[in-house]
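Order of listing sets the numbers, starting from 1, for every ligand and every atom in it. Because only heavy atoms are used, hydrogens play no part in the values below, and waters and symmetry mates are left out as well, while side chains stay in.
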Amino acid sequence: MPVVWSDRCLLHDPGREIWVGLPTEATEVPARVDRILDTLARPDLLLAEAHGDEILKTVHDEGLLRYLQSAWDEWQASGLPEDPGQSRVVPYIFAHPGLGGPLVEPTAVWAKPGFFAYDTMTLVSEGTWEAARAAVDVALTAADLVREGERVAYACTRPPGHHACYAAYGGSCYLNNAACAAGALDSERVAVLDIDAHQCNGTQQIFAGNSKVIVGSVHVDPRAGWFPHFLGYAHGLGAKNLPLAPGSGDEEWLDAVRSLVTWTRESGATGLVVSLGVDAAAGDPTSPLEVTQEGYREAGAVLGGLGLPTVIVQEGGYDLETIGPLVLETLLGFEEA
Ligand SMILES: [Zn+2]
């Protein structure tokens with residue numbers, strides 16, 4: 001299958017995450033895509049083509065797009081990297097709904113991130129906007145290929161996108177690549193099936209009530225203490241959510257993938273976007289699921305069995321030793337179906 005990517009996706013360097021107030025090592029690092037591409041070893045990689053903002057503006061609020069585009073430059077110009085010495089854009093106050101309203105976009109550079117970010121884990125560096133925007137171009141280029149007749153195309157993107165909401169960013173995601181791919185497919189009905197270990201709260205919100213795009217997700221139960229915590233329960237905003245207990249392995253996970261596929265078939269979907277996170281694999285530092293490489297290969301086959309025009313978009317997967325083989329197995333399984 002065609003593999004699309006952009007070297008501009010490497011420009012984002014979060015440096016670290018802020019978790020419970022402390023800086024922790026970044027997990028969403030540029031080496032992730034390097035490892036995937038090394039494993040796929042494809043000499044015929046396709047470079048993403050630049051696309052206009054038409055679809056992006058149907059997926060995201062223009063205020064969020066404007067902010068992300070200027071966030072780093074404003075932060076740097078404000079002197080915050082020197083005093084107090086914060087080299088990344090990071091919020092300290094949040095536009096929480098409990099404040100009442102109306103909530104107004106603030107003027108202070110140090111307050112703005114909390115108007116658009118919903119966590120402290122998703123830092124903005126020099127190059128974040130360029131990388132996130134390139135990731136959208138990768139997804140849209142893959143969607144072009146499918147629209148032009150390819151059965152399937154793989155968008156090797158980073159930063160990931162499925163936690164990015166209509167007007168807010170978080171969960172290491174800035175722009176929702178999979179949502180853009182779904183918007184770009186010309187199928188009458190598109191299913192977005194998300195097999196990342198974490199529930200796709202952004203994709204779910206963007207397409208809530210949408211008549212063209214339906215969203216299904218298998219993920220670790222947020223009730224067990226996992227991101228995105230507040231969302232991802234069985235009955236959420238019209239999405240088909242299948243939360244699994246920590247420690248679930250191939251059997252439970254593949255049962256859920258199969259039921260998402262059955263649901264998709266019954267829905268009459270004529271196009272498919274797969275949000276491919278490989279962080280449900282055993283050993284991934286960000287989730288307690290225990291899926292094997294064989295499990296991912298079988299998931300690829302199950303999803304490929306739908307026989308729909310498909311864009312596969314990279315989401316999570318944070319173990320640098322296994323991310324490449326896990327993606328490769330999934331793509332091989334899909335092609336064998
Ligand atoms: Zn994830």
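Distances from the Zn ion (ligand 1) to each N, O or S atom of D196 single out OD1 as the nearest. Looking only at N/O/S atoms, D279 comes nearest to the Zn ion (ligand 1) through OD2.
Side chain to side chain, T292 and D250 meet the donor-acceptor criterion of an N or O pair below 3.5 Å. Side-chain atoms of N201 and Y118 include a donor-acceptor pair closer than 3.5 Å. At a cut-off of 3.5 Å, with distance as the only test, no side-chain donor of E290 or S248 sits close to an acceptor on the other residue.
With Y169 as the partner, the side-chain contact (heavy atoms from CB on, under 4.5 Å) test is satisfied by one option alone out of D119, N176, L68, T128: L68.
For residue H198, an N/O/S atom approaches the Zn ion (ligand 1) to within less than 2.8 Å. With a cut-off of 2.8 Å, the Zn ion (ligand 1) has no N, O or S atom of E315 in range.
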